[in-house]
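We name chains A, B, ... by the order of the sequence lines, and we start the count at 1 in each one. Here the structure is a predicted model, which is why all the values come from computation and not from measurement.
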There are 2 protein chains.
Amino acid sequence: MQEESTPMRLTTQRQVILEELIKVTSHPTANEVYDMVRKRLPRIGLGTVYRNLELMSESGLILKLEVGGTQKRFDAVVKPHYHVRCIHCGKVNDVDMPVQQGINESAAQSSHYKILSHHIEFTGLCYQCAKVQYQPIMN
Amino acid sequence: MQEESTPMRLTTQRQVILEELIKVTSHPTANEVYDMVRKRLPRIGLGTVYRNLELMSESGLILKLEVGGTQKRFDAVVKPHYHVRCIHCGKVNDVDMPVQQGINESAAQSSHYKILSHHIEFTGLCYQCAKVQYQPIMN
DNA sequence: TTATGTGCAAAACATTTGCAGGAGT
DNA sequence: ACTCCTGCAAATGTTTTGCACATAA
């Protein structure tokens, strides 16, 4: 975990990863980014994609989403915003509602933590899956 | 994904898993539950623990937490509540603040999803880690 | 020229699954 | 008996890592 010592080199691989990520709003997984990037850089390795997504998220260039499901997802939109995940197909979308004000302060009062940020993940059914009359397990 | 057809049998393994989970407030991972349970049932398999945690969370008996980090965590407190995770040590605690009213409706208006629920995950430093003067990467 | 980055492959984790035998009803 | 459940081990899926070579500054 290094400081601002040497800035990250802007390699071709990093540039392409960032460009491809900016193109989409689908919050792709590392493997999906790999597939997108490989069309332009066929010899790139999956390890490189993982390494660079991690580095870029550490430096605040992109966002690493730790939402539900088995894989991490990545987002080129770094402005704080919330997400909704379809419990049927696993798709993740942005929720364009205002960020909840004062919620971090409430949490600070109700815990012994120094609160830095928060994230809200909504769960539901996307338009397509809702149409299929999918019956979720209500609990 | 079956309905309420046959209720789950209350086997010794399931009973012990649930009892151990009720004992703690640490939101243990599957592997931590395995370690706790193994002290009482040395021959239980890790697969059984995973299978039963999954089944119990499907039936609403326990909560599967899909918070940040690499592993899923489990909670015997099923009443809706929020969580805070220490970015330094990874510990997860409850946040005893009221559930945000009307937030699902806001999200429904700002997305094309049928919203079912939401979860808020706060990120910060726990009391112990904050004392250690840990310098987080602010972004 | 030299620190940093890459491709490749193997390793490390986390979780799921197949199956033969075991237990509850 | 019959079904559901378990232990075990192997398989799967995701992410990380070691290392020799490549490349940007």
Side-chain angles (χ1 to χ4, degrees), chain A residues 1-21 27-59 61-74 85 90 92, chain B residues 1-20 27-59 61-62 64-74 85 90 92:
Chain A
M1 221 167 258
Q2 58 174 22
E3 299 299 309
E4 310 281 325
S5 50
T6 326
M8 213 179 8
R9 280 188 191 162
L10 185 55
T11 61
T12 308
Q13 288 86 341
R14 286 175 187 161
Q15 202 168 324
V16 171
I17 289 172
L18 188 54
E19 284 172 8
E20 292 300 312
L21 202 49
H27 311 85
T29 63
N31 208 69
E32 287 166 350
V33 173
Y34 177 52
D35 285 340
M36 289 153 55
V37 168
R38 214 161 21 151
K39 289 177 187 153
R40 293 173 56 187
L41 302 175
R43 302 196 53 90
I44 196 173
L46 181 56
T48 302
V49 173
Y50 268 101
R51 259 186 303 240
N52 287 334
L53 287 172
E54 185 63 34
L55 280 172
M56 286 160 142
S57 75
E58 273 175 18
S59 71
L61 211 57
I62 65 173
L63 227 57
K64 174 161 67 167
L65 304 184
E66 312 223 15
V67 293
T70 49
Q71 290 151 282
K72 304 240 161 74
R73 291 171 172 273
F74 298 87
R85 182 168 54 96
V92 173
Chain B
M1 219 167 258
Q2 59 173 22
E3 299 300 309
E4 308 284 323
S5 50
T6 326
M8 213 178 10
R9 278 188 192 159
L10 185 53
T11 61
T12 307
Q13 286 87 339
R14 288 175 185 161
Q15 201 168 326
V16 172
I17 288 171
L18 188 55
E19 284 171 8
E20 291 301 312
H27 312 83
T29 63
N31 207 69
E32 287 166 352
V33 172
Y34 177 52
D35 284 341
M36 288 153 56
V37 168
R38 213 159 24 149
K39 287 176 186 151
R40 292 172 57 188
L41 302 175
R43 301 195 53 87
I44 196 171
L46 181 55
T48 303
V49 173
Y50 269 100
R51 258 186 303 241
N52 286 334
L53 287 172
E54 185 63 35
L55 280 172
M56 285 162 149
S57 74
E58 273 175 20
S59 71
L61 211 57
I62 65 173
K64 174 162 64 167
L65 303 184
E66 313 223 14
V67 293
T70 49
Q71 290 151 280
K72 304 239 161 76
R73 291 172 172 275
F74 298 87
R85 183 168 54 98
V92 174

Separation between [atom1] of [X] and [atom2] of [Y], rounded to the nearest 0.5 Å:
X       : Y       : atom1 : atom2 : result
A/Asn31 : A/Tyr50 : CG    : OH    : 6.0 Å
A/Ile17 : A/Leu53 : CD1   : CG    : 5.5 Å
A/Arg73 : A/Leu63 : CZ    : CG    : 14.0 Å

Starting at atom [atom1] of [X], determine the distance to atom [atom2] of [N], rounded to an integer number of angstrom.
X       : N      : atom1 : atom2 : value
B/Glu66 : C/dA14 : CD    : P     : 16 Å
B/Leu10 : C/dT25 : CG    : C1'   : 14 Å
B/Gln71 : C/dC13 : CD    : C1'   : 8 Å
A/Leu41 : C/dC8  : CG    : C1'   : 16 Å

Compare every heavy atom of [Y] with every heavy atom of [X], then report the nearest pair and how far apart it is.
X       : Y       : value
B/Asn52 : B/Arg14 : OD1-NE, 2.9 Å
A/Leu65 : A/His27 : CD1-CD2, 3.5 Å
B/Lys72 : B/Glu66 : CE-OE1, 3.3 Å
A/Arg85 : A/Gly90 : CG-O, 3.9 Å
A/Ala30 : A/Val49 : O-CG1, 3.8 Å

Problem - B/Gln13 side-chain N/O to C/dA23 phosphate OP1/OP2 under 4.0 Å - result: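 For B/Gln13, the contact criterion (side-chain N or O under 4.0 Å from OP1 or OP2 of C/dA23) is not met.
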Handout entry: Distance below 4.0 Å between A/Thr11 side-chain N/O and C/dT6 OP1 or OP2
Key =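 A/Thr11 to C/dT6 OP1/OP2: side-chain N or O found under 4.0 Å.
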Fill in the blank from the handout: Walking DNA chain C from its 5' end, the first of B/Arg9 and B/Asn31 to be reached, judged by nearest nucleotide, is B/Asn31
Handout entry: Interface limits on DNA chain D, where chain A has a heavy atom under 4.0 Å of a nucleotide atom
Key = D/dT14 to D/dA24
Problem - Min side-chain heavy-atom separation B/Lys64-B/Phe74 under 4.5 Å - result: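 A side-chain contact exists here, since the closest heavy-atom pair is under 4.5 Å.
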Exercise for the section: Could you check whether B/Arg43 gets within reach of a base, just the sugar-phosphate, or nothing at all, counting any heavy atom under 4.0 Å? Expected result: sugar-phosphate
Problem - Flag, side chain of A/Glu32 to backbone of A/Thr29, donor-acceptor distance under 3.5 Å - result: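 Looks like yes, one N/O pair under 3.5 Å.
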Problem - Residues within residues 44-54 of chain A bordering DNA chain C, heavy-atom distance below 4.0 Å - result: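 By residue number: A/Ile44, A/Gly45, A/Thr48, A/Arg51, A/Asn52.
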Handout entry: Carboxylate-amine/guanidinium proximity below 4.0 Å for A/Lys39 and A/Glu20
Key =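 Judged by the 4.0 Å cut-off on N to carboxylate O distance, A/Lys39 and A/Glu20 do not form a salt bridge.
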Exercise for the section: Compute the bend angle of the helix from C/dT1-D/dA25 to C/dT25-D/dA1 from the end axes (five pairs per end), rounded to 10°. Expected result: 30°
